[in-house]
Amino acid sequence: MGGTAPGSMTPLATTVDEEGVLFDNFRIVDRGRFREKDLETLLTDHPYPARNPHQNIADLKAQIAANEKGVAELRKMVAHFGLGVVEAYMGHVQDNAAESVRRVLERLPDSSEYEYPTDTGQMIKVKISVDRRKREATVDFTGTSPVMKNNFNAPEPVARAAVLYAFRVMVEDNIPMNAGCLRPINIVIPDGSMLKPAYPAAVVAGNVETSQHVTNALFGAMRAMANAQGTMNNLTFGNKQYQYYETICSGSPAGRMNDGRGFHGTSGVHTHMTNSRLTDPEVLELRFPVLLEDFHIREGSGGKGKWNAGDGTKRTIRFLEKMECAILSSHRNRPPQGLDGGGDGEVGSTKIRRKDGRVEVLKACDQTILDAGEAVIVTTPTPGGFGKA
């Protein structure tokens with residue numbers, strides 16, 4: 001798909017080809033002026049041009065407008081309450097978050113580890129060590145696989161965001177997400193690991209896939225939750241006129257609260273590092289030449305245990321025009337794992353139903369071309385159960 005990041009449309013098993021437009025220090029807004037013409041040239045005058053530059057530009061305008069709205073609201077707040085009061089309350093919010101995480105650390109063991117193998121043959125290792133005296137913890141990713149020639153390398157901020165998210169979840173209280181959550185956490189990520197790559201390593205799957213792996217590893221180390229589906233099931237399709245991208249939910253894993261109470265997972269929901277909302281079927285079929293044949297919860301597919309995981313989904317989209325289609329996913333060759341004796345979930349799959357009735361199975365990261373009348377079928381991996389039944 002034109003305009004994608006390098007490697008995002010190629011099979012990831014062996015090589016990554018350059019594809020898409022690289023933005024290298026391009027100032028989108030200069031002295032209050034949106035550089036639309038220069039941006040359009042950058043997107044189109046290129047060996048791999050964007051297919052719909054006007055849509056890309058509209059998206060960027062929307063993001064800039066959202067930022068400007070935030071600036072305006074913050075200025076309004078400062079004008080009403082005064083800068084000193086606003087800064088003080090910002091500090092209070094972060095102080096409260098830091099103290100909330102410290103209370104979580106009091107309930108964690110002195111040291112815990114977890115290893116998370118991936119479909120690509122890589123390994124994410126994490127060790128959480130708690131310093132009782134300082135009321136701090138060290139989250140150490142030493143032993144994690146090095147950068148490889150695929151696009152599952154994740155920029156360091158992605159790994160840090162996963163740590164922030166995981167400890168915020170462990171708070172189990174209604175506090176806003178903020179940097180104070182990381183104040184008691186020391187994060188160690190070795191240089192050259194897949195969680196701290198250097199340019200020009202490909203990283204497009206780092207945010208959407210590896211972030212899920214890191215989050216699963218963290219909750220596993222804290223003995224809090226079994227593995228979620230560990231993927232966003234990134235499905236893209238399009239041609240010169242249409243381009244579409246969606247992520248597909250499974251269920252949530254089973255786990256245990258800070259006070260020791262267990263809980264079952266929920267079926268058919270996005271979890272952890274993804275929260276995107278699917279386009280309504282009526283809107284999808286109105287705007288794109290596709291037909292949503294089926295989308296249902298696969299009852300009984302979640303991992304079993306003392307507490308059962310939520311069930312996964314199956315989604316079938318039939319194309320009414322010739323389209324390119326790609327899948328970027330994980331857990332196609334190994335199931336998400338249960339925890340503390342809970343059962344594993346199930347692996348996922350992506351299949352293509354051809355007009356002659358043949359069914360082809362795609363790799364975890366793959367692409368193909370579908371003619372009108374052919375369909376893609378995504379069966380999501382399912383999360384693990386918690387506790388021995």
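Residue numbers count from 1 along this sequence.
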Listed once per pair and sorted, the salt bridge (Lys or Arg N to Asp or Glu O under 4.0 Å) pairs that draw on [range], sequence neighbours left out:
range            : value
residues 115-130 : E115-K125
residues 330-339 : none
residues 227-248 : E246-R315
residues 209-228 : R223-D340

Exercise. Determine, stepwise, if the pair M194 / I124 fulfils side-chain contact (heavy atoms from CB on, under 4.5 Å).
Key: CA-CA 9 Å; M194 63 182 291; I124 293 172; 4.2 Å; yes

Exercise. Without swapping roles, check the side chain of N153 against the backbone of A202 for a donor-acceptor pair under 3.5 Å.
Key: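 Flag set: sc N153 to bb A202 pair under 3.5 Å.
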
Quiz item: Is a salt bridge present between R51 and E324, judged by a nitrogen-to-oxygen distance below 4.0 Å?
Solution: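 Counted as a salt bridge, because a side-chain N and a carboxylate O are separated by less than 4.0 Å.
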
Quiz item: Stepwise, does the side-chain contact (heavy atoms from CB on, under 4.5 Å) test hold for N239 with K322?
Solution: CA-CA 7 Å; N239 52 29; K322 188 175 183 178; over 6 Å; no

Exercise. Check ring pair (Phe, Tyr, Trp, His ring centres under 6.0 Å) between Y116 and all other residues, then give those that pass, not counting sequence neighbours.
Key: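 For Y116 the ring pair (Phe, Tyr, Trp, His ring centres under 6.0 Å) partners, ignoring immediate neighbours, are H213, H331.
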
Quiz item: Which ILVMFWY residues can you reach from F81 by hopping between side chains whose heavy atoms are under 4.5 Å apart?
Solution: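 F81 shares its hydrophobic cluster with L74, M77, V78, L83, V85, V86, Y89, M90.
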
Practice problem: Would you mind listing the cluster partners of M123? Hydrophobic ones only (ILVMFWY), side-chain contacts under 4.5 Å, chaining allowed. | Solution: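 Besides M123, the cluster holds no residue at all.
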
Exercise. Give the C-alpha distance, both sets of side-chain angles, the deciding distance and a yes or no for salt bridge (charged side-chain N to carboxylate O under 4.0 Å, His left out) between R132 and E106.
Key: CA-CA 7 Å; R132 304 292 178 192; E106 293 171 356; over 6 Å; no

Self-check item: Pairs where residues 70-79 contributes a residue and the test side-chain hydrogen bond (donor to acceptor under 3.5 Å, both in side chains) is met, not counting sequence neighbours
Solution: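 Qualifying pairs: K69-E73, E73-K76.
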
Quick one: do the [X] and [Y] side chains pair a donor with an acceptor below 3.5 Å?
X    : Y    : value
D294 : H296 : yes
Q229 : T231 : no
T138 : D140 : no

Name every donor-acceptor pair, under 3.5 Å, that has one atom in a side chain of residues 274-283 and the other anywhere in the protein, sequence neighbours excluded.
from: S276; atom 1: OG; to: T247; atom 2: OG1; distance (Å): 2.4
from: T279; atom 1: OG1; to: Y244; atom 2: OH; distance (Å): 3.3

Practice problem: Not counting sequence neighbours, list each pair that qualifies as a ring-ring contact (aromatic ring centres under 6.0 Å, His included) and has a residue in residues 333-388. | Solution: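 Listed once each, the pairs would be none.
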
Self-check item: Stepwise salt bridge (charged side-chain N to carboxylate O under 4.0 Å, His left out) test for K196 and D191
Solution: CA-CA 6 Å; K196 197 174 182 179; D191 291 337; 2.9 Å; yes

Quiz item: When clusters are formed by joining ILVMFWY residues with side-chain heavy atoms under 4.5 Å apart, either directly or through shared neighbours, do F152 and V158 land in the same one?
Solution: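 F152 does not cluster with V158.
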
Exercise. Output all residues satisfying side chain to side chain donor-acceptor pair (under 3.5 Å) with R354, sequence neighbours left out; order by chain, then residue number.
Key: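 Checked R354 against side chain to side chain donor-acceptor pair (under 3.5 Å); matches are E360, T368, E374.
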
Exercise. Please lay out, stage by stage, how E40 and N56 fare under the test side-chain hydrogen bond (donor to acceptor under 3.5 Å, both in side chains).
Key: CA-CA 9 Å; E40 183 175 354; N56 300 143; over 6 Å; no

Quiz prompt | Set of salt bridge (Lys or Arg N to Asp or Glu O under 4.0 Å) partners for R183, sequence neighbours left out | solution =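 So R183 forms a salt bridge (Lys or Arg N to Asp or Glu O under 4.0 Å) with D95.
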
